[in-house]
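Read through the structure below, which is laid out as structure tokens, and then see the notes.
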Amino acid sequence: MMELTSYLKNNDLLKTENFIGGDWRGAPDKLVVTDPASGAVLAEIADGSAADAEQAVAAAHAAFPEWSRKTAGERAAVLKRWYQRIVDNREDLARLLTLEQGKPLAEALGEIDYGASYIEWFAEECRRAYGQTIPTHNPAMRLSTIRQPVGVVTCITPWNFPNAMITRKAAPALAAGCTVVIKPAAETPLSALALCALAEQAGLPVGTINVVAGSDAAGIGRVLTQDPRVAKFTFTGSTPVGKLLMQQCASTVKKMSMELGGNAPFIVFEDADIDEAVSACMATKMRNAGQTCVSTNRIYVHASVDKLQAQMAALKSGHGLEGGTTLGPLIFRRAVDRVHGLVEEAVACGAKLQMGGDFLPQGENFYAPTLLTNMHDEMRIAREEIFGPLAVVQSFRDEDEVIARANNTSFGLAAYVMSENIRRANRVVEALEFGMVACNAGVFSTAVAPFGGIKESGIGREGGVEGMAEFYETKYCCHGV
Ligand code: ADP
């Protein structure tokens, strides 16, 4: 086992037990956490169970009355202390994230800052949970609304953003006055537990935040989606798992937020600034080795892709903690084999392999930056979420055609448009059937704006005033006078 403590300045961040009702709780079985770049064992942590999840829900339920009755200002003060502790420990948190997830350290630092920004923003925003007074329909009645926290919130989060996908859910929930139970992905529990250690230090009351990491995702998931004490379930992950969890939530009519898969088109019109388009495409395609839900999946261009190929060739694969690394490993071997299978199938169907298409010597989870042209919409690679460092290029003739092709997917998360023509840009942004459209921009997600998808990409929004609203009920109050 690697000596993880030698990588950290603050060893209090290294937790190997689950956090339930204010206690760090062991378990008879162990969950092994490995470094996807080297295969080294990083830690063995308590393998939480469905029974642990039930206890965590009970703890969150018991903590709810007191936490929800605090003033918004009191909750904001605790959340700001949590935010500050994350900022103070950002380098350690980033190293831990790189070690268990694989992304280059610069990207991990970006994720920590991005993740923390949600805590700061929602701590501020909860002070503005205004209700309304409504002009009455009846002189003998006075009408108003108040906003109240929904109750216990359960969260299941993925491995691609082990820090930020937690803060995006937990921060607005806690700010609104809800209490939370989090199940992180089994591949990346250390970031979740470190966040909890800092929440404990910041003074979040016992039971307000609980983490149950474990290999029994289905068993833990059933508790988090079906326990009647849970008011709301929020999930980030794949569409098939999201659909299953929605069905489970139906049994008790839980509120739900779902951040599911995407299939983002990246459209480069002939009037685009090509250098800017290439930079934006690289950022959306190669960040996190292509393992983000807003990753570019289908690139539509008129022009040659020489400049994109040159930038892809300049990527440096390696361990995320090594200086200069710009492309880390994929999360596990299964993901590498899947991506390779997509490439082989596309080539067999007539796609042209411009570069890459093979494994890399750095380790079994590394895959070469790969560029395919001569693609068409019917290929599996164009219809499925790629989740790898694989850029797939198609050509198009005109605006109407490319909009129709871009929209021809069951997904509706993010889309990208590059054009210097303001009229066209406006038309296309409005016509694209996606929850988020970036025009002449690559990385767009921020705490202050609503992130989320339409169609089979999800329900609800994270971030912005919309992200806050997800955790309140609006109560209509009618007073006879
Ligand atoms: P990804 O492709 O990002 O791994 P998944 O949807 O498989 O997407 O995983 C996202 C999260 O969902 C992880 O925390 C994983 O453990 C969890 N998960 C996977 N399957 C289930 C399930 N049947 N019930 C509950 N949670 C699940």
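Quick note: numbers below take in every heavy atom, side chains included, and nothing from hydrogens, waters or symmetry partners. Both counts, for ligands and for their atoms, begin at 1 and track the order of listing.
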Ion pair present between Lys455 and Glu433, side-chain N to carboxylate O less than 4.0 angstrom? yes
If we count only N and O atoms by modelled type, under 3.5 Å, do the side chains of Asp52 and Asn18 hold a donor and an acceptor together? no
Start with the C-alpha gap between Asp92 and Arg95, add the side-chain angles, then the distance that decides, and say whether salt bridge (charged side-chain N to carboxylate O under 4.0 Å, His left out) holds. CA-CA 5 Å; Asp92 275 358; Arg95 271 193 288 273; 3.1 Å; yes
Exercise: do Thr284 and Tyr416 side chains pair donor with acceptor under 3.5 Å: no
Got a sec: does the CZ of Arg333 have more than 12 other heavy atoms crowding it under 6.0 Å? yes
Partner of Arg338 under salt bridge (Lys or Arg N to Asp or Glu O under 4.0 Å), chosen from Glu344, Glu345, Glu384: Glu384
Distances under 3.5 Å, N/O of ligand 1 against N/O of the protein: list each pair and its distance.
| unit_1 | atom_1 | unit_2 | atom_2 | d |
| --- | --- | --- | --- | --- |
| ligand 1 | 4 (O) | Trp159 | NE1 | 2.9 |
| ligand 1 | 6 (O) | Ser238 | N | 2.9 |
| ligand 1 | 6 (O) | Ser238 | OG | 2.7 |
| ligand 1 | 8 (O) | Ser238 | N | 3.4 |
| ligand 1 | 14 (O) | Thr157 | O | 2.7 |
| ligand 1 | 14 (O) | Lys183 | NZ | 3.2 |
| ligand 1 | 16 (O) | Lys183 | NZ | 2.9 |

